[in-house]
**Q** 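After the structure tokens below, expect a handful of questions from me.
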Amino acid sequence: AQKVTQAQTEISVVEKEDVTLDCVYETRDTTYYLFWYKQPPSGELVFLIRRNSFDEQNEISGRYSWNFQKSTSSFNFTITASQVVDSAVYFCALRESGAGSYQLTFGKGTKLSVIP
Amino acid sequence: EPEVTQTPSHQVTQMGQEVILRCVPISNHLYFYWYRQILGQKVEFLVSFYNNEISEKSEIFDDQFSVERPDGSNFTLKIRSTKLEDSAMYFCASSDIGQSSYEQYFGPGTRLTVT
């Protein structure tokens, strides 16, 4: 069965510091999809990125970057020059590719606090 | 920008009562989902729905739960006889077809409090 582990429960950084959120996953599928979602204090879940298992190219979007390493089953998320608005709980999630399988399996989340 | 909406934002109910949580998915999406998040815990999958039937459900989604798409826009989750442990945030999500089906867009959630 699939599993997502976010070992960091809470992280605090001072504004403008860089921070990396770790995500390790387990799956038996050879094709799968990884996601990051942001949950700000208001509670909604905001989609940030999807990464396919067959595409190991890292991605950068503004201050956000994602490092996908299949060899270590990791999909880490880095925020560069953090801002107070980045304070949120960040969830990593996995979806397998089996027929009829649509569910996302979430990690427990990492609460990021950016201190001004 | 189209978004998933959910009503109510907060529902308080007594144990044993029935509740219906409502969702309006993004209009051209064809896959619909319910997830729940007990306070301070991770988000858990409940059920997925496509072509007017359940396509997948988790162990949490027992006989107390049901889903329905009563018309062309709404998607509902019914809990027949609520228990204290049903208290959670319930998220509705929807996704498109094809490659885009992998990206699920979530609503703002309904906080259910069972007393």
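Proteins get letters first, then strands, A, B, ... in listed order; numbering begins at 1 in each.
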**Q** In residues 37-47 of chain B, which residues are in contact with chain A at a heavy-atom separation under 4.5 Å?
**A** B/Gln37, B/Gln41, B/Lys42, B/Val43, B/Phe45
**Q** Donor-acceptor pair, distance only, cut-off 3.5 Å: does the side chain of B/Thr110 make one with the backbone of B/Pro8?
**A** yes
**Q** Please state whether the side chain, the backbone, both or neither of A/Gln6 comes within less than 4.5 Å of a heavy atom of chain B.
**A** neither
**Q** A/Glu96 and side chain to side chain donor-acceptor pair (under 3.5 Å): which single residue from A/Thr30, A/Thr105, A/Thr27 fits?
**A** A/Thr27
**Q** Give a yes or no on this: more than 12 heavy atoms of other residues, nucleotides or ligands lie within 6.0 Å of atom CD of B/Gln14.
**A** no
**Q** Strictly distance-based, threshold 3.5 Å: is any side-chain N or O of B/Thr82 a donor or acceptor partner for the main-chain N or O of B/Gln17?
**A** yes
**Q** By the definition side-chain contact (heavy atoms from CB on, under 4.5 Å), identify the one residue from A/Asn58, A/Thr20, A/Val19 that meets it with A/Thr78.
**A** A/Thr20
**Q** Tell me, please, which residues at least two apart from A/Asp55 pass salt bridge (Lys or Arg N to Asp or Glu O under 4.0 Å).
**A** A/Arg51
**Q** Considering heavy atoms only, which positions within residues 59-69 of chain A lie below 4.5 Å of chain B?
**A** none
**Q** Can you measure from NZ (A/Lys16) to OG (A/Ser82) and round to the nearest 0.5 angstrom?
**A** 10.0 Å
**Q** Check whether the side chains of B/Gln104 and B/Tyr35 place a donor and an acceptor atom closer than 3.5 Å, and report yes or no.
**A** yes
**Q** Looking at side-chain heavy atoms only, is the closest gap between B/Val4 and B/Cys23 below 4.5 Å?
**A** yes
**Q** Under the ring pair (Phe, Tyr, Trp, His ring centres under 6.0 Å) test, which residues partner B/Phe61, sequence neighbours left out?
**A** B/Phe65
